[in-house]
Amino acid sequence: MRIATWNVNSLKARLPRVEEWIEYAQPDVLCLQETKLADKAFPAMAFSALGYESAHHGQGQWNGVAILSRVGIEDVTSGFGDAFIDPYEGDARVISATCSGVRVVSVYVPNGREVPSDFYDRKLVWFERLSEWIDATCTPSDQLVILGDFNVAPEDRDVWSMDSFEGSTHVTGPERAAITTLEEWGLEDAFRRIYPDTDHLFSYWDYRRGDFHQGRGMRIDLVLATASVADHVTWALVDRNARKGTQPSDHAPVIIDVDL
DNA sequence: ATGGTAGAAAATCTA
């Protein structure tokens, strides 16, 4: 089973590239973030033509998450549910579905903007809600994958230069602690199964200053999986080719293969 | 002192 995640930074602007990528990468399940579409504008037919069922949780101008699957898509839910107060209420940042027995959660974690700021504080609360919601609705023995744009670089080796991120979001102790909390619950950075010792495996590069070509990136797109999935990862890749060429997203897709 | 680019949308906001 091939599972992938890609922050496409506007599915409207990126649809031709996403279609092209699906055709050569052949994911069984693809999670998208930042579709920036209302549900009624989501191009379900384009994906259907490629053999994929899909579910989208959008709001329009910003955010928006989706799951595409060619191995079934059942029990779709969006958001955290009524029992959890979302500090980014109204934002479309979470969608879940069961695909061939695996519970898949596509997440777009709030950026946080500045440290300190109200946006940063609410990012940390959002992570608390995510953990609480997972604990209430899943168990570590489930086949569960939570993947997407976490807007956190888990370790120093996941950014091109720690000096350049001094005082910035994405690398602070509390943000990294939020990832650790998820790991302590029973989720694992599945990508690291394949690359335990490789630094600078970036998935995002700012559009500005030629950051991609200068190698100035961050690994913020993560695949967190429970042991029953992570134990069976056979291959993983950040597809940097998808960050090249005309009109790329500022993120590259991250792919894992699992032999379940 | 706050750059640089891309995408939303229609003046700026978000990343």
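So you know, we letter chains A, B, ... as the sequences are listed, proteins then strands, and number each from 1. Just so it is clear, the values below take in all heavy atoms, side chains as well, and ignore hydrogens, waters and symmetry mates. What you are looking at is a predicted structure, and each value in this text was computed from that prediction instead of being measured.
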N/O donor to acceptor pairs below 3.5 angstrom from side-chain atoms of residues 181-188 of chain A, sequence neighbours left out:
from     : atom 1 : to       : atom 2 : distance (Å)
A/Thr181 : OG1    : A/Ala177 : O      : 3.0
A/Trp185 : NE1    : A/Asp135 : OD1    : 2.8
A/Glu188 : OE1    : A/Arg193 : NH2    : 2.9
A/Glu188 : OE2    : A/Arg193 : NE     : 2.4
A/Glu188 : OE2    : A/Arg193 : NH2    : 3.3

In whole angstrom, give the distance that lies between atom [atom1] of [X] and atom [atom2] of [N].
| X | N | atom1 | atom2 | result |
| --- | --- | --- | --- | --- |
| A/His213 | B/dT5 | NE2 | P | 13 Å |
| A/Arg216 | B/dT5 | CZ | P | 12 Å |
| A/Arg209 | B/dT2 | CZ | C1' | 11 Å |
| A/Arg17 | B/dG7 | CZ | C1' | 15 Å |
| A/Asn7 | B/dA15 | CG | P | 11 Å |

Kindly write out the residues that satisfy side-chain hydrogen bond (donor to acceptor under 3.5 Å, both in side chains) with A/Asp239, not counting sequence neighbours, or none if the list is empty.
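Scan of A/Asp239 (side-chain hydrogen bond (donor to acceptor under 3.5 Å, both in side chains), adjacent residues dropped) gives A/Trp21, A/Tyr24.
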
Base, sugar-phosphate, or nothing: which does A/Arg14 touch, judged by heavy atoms less than 4.0 Å apart?
sugar-phosphate

If you look at every strand shown and take non-hydrogen atoms under 4.0 Å, does A/Tyr108 touch a base, only sugar-phosphate, or nothing?
sugar-phosphate

Under 4.0 Å from any atom of DNA chain B, heavy atoms only: list the residues of residues 110-121 of chain A that qualify, in numerical order.
A/Asn111, A/Arg113

Between B/dA10 and B/dT14, how many Å separate the two C1' atoms, rounded to a whole number?
15 Å

Pick the P atom in B/dA1 and in B/dT12, then give their distance to the nearest Å.
23 Å

Residues which pass salt bridge (charged side-chain N to carboxylate O under 4.0 Å, His left out) with A/Asp189, listed by chain and number, not counting sequence neighbours
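Result, salt bridge (charged side-chain N to carboxylate O under 4.0 Å, His left out) vs A/Asp189: A/Arg219.
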
If you assign A/Asn9 and A/Trp62 each to the DNA chain B nucleotide with the nearest heavy atom, which residue ends up on the more 5' nucleotide?
A/Asn9

Where each residue is assigned the nucleotide of DNA chain B containing its nearest heavy atom, which of A/Tyr204 and A/Ser10 is assigned the position nearer the 5′ end?
A/Ser10

Just by distance, no angles: are the side chains of A/Tyr207 and A/Asn9 close enough, under 3.5 Å, to form a donor-acceptor pair?
yes

A/Asp221 and A/His251: side-chain donor and acceptor closer than 3.5 Å?
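Short answer, yes.
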
Has A/Arg208 got a side-chain N or O lying under 4.0 Å from the OP1 or OP2 atom of B/dA15?
no

How would you list, by chain and number, every residue that makes a side-chain contact (heavy atoms from CB on, under 4.5 Å) with A/Phe202, sequence neighbours excluded?
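Applying side-chain contact (heavy atoms from CB on, under 4.5 Å) to A/Phe202 gives A/Trp160, A/His200, A/Trp205.
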
Distance-only criterion, 3.5 Å: show the donor-acceptor pairs between side-chain atoms of residues 44-58 of chain A and protein atoms not counting sequence neighbours.
from    : atom 1 : to      : atom 2 : distance (Å)
A/Tyr52 : OH     : A/Pro27 : O      : 2.5
A/His56 : ND1    : A/Asp39 : OD1    : 2.8
A/His56 : NE2    : A/Thr35 : OG1    : 2.8

Which nucleotide sits closest to the side chain of A/Tyr207: B/dA8, B/dA15, B/dT5?
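That would be B/dT5.
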
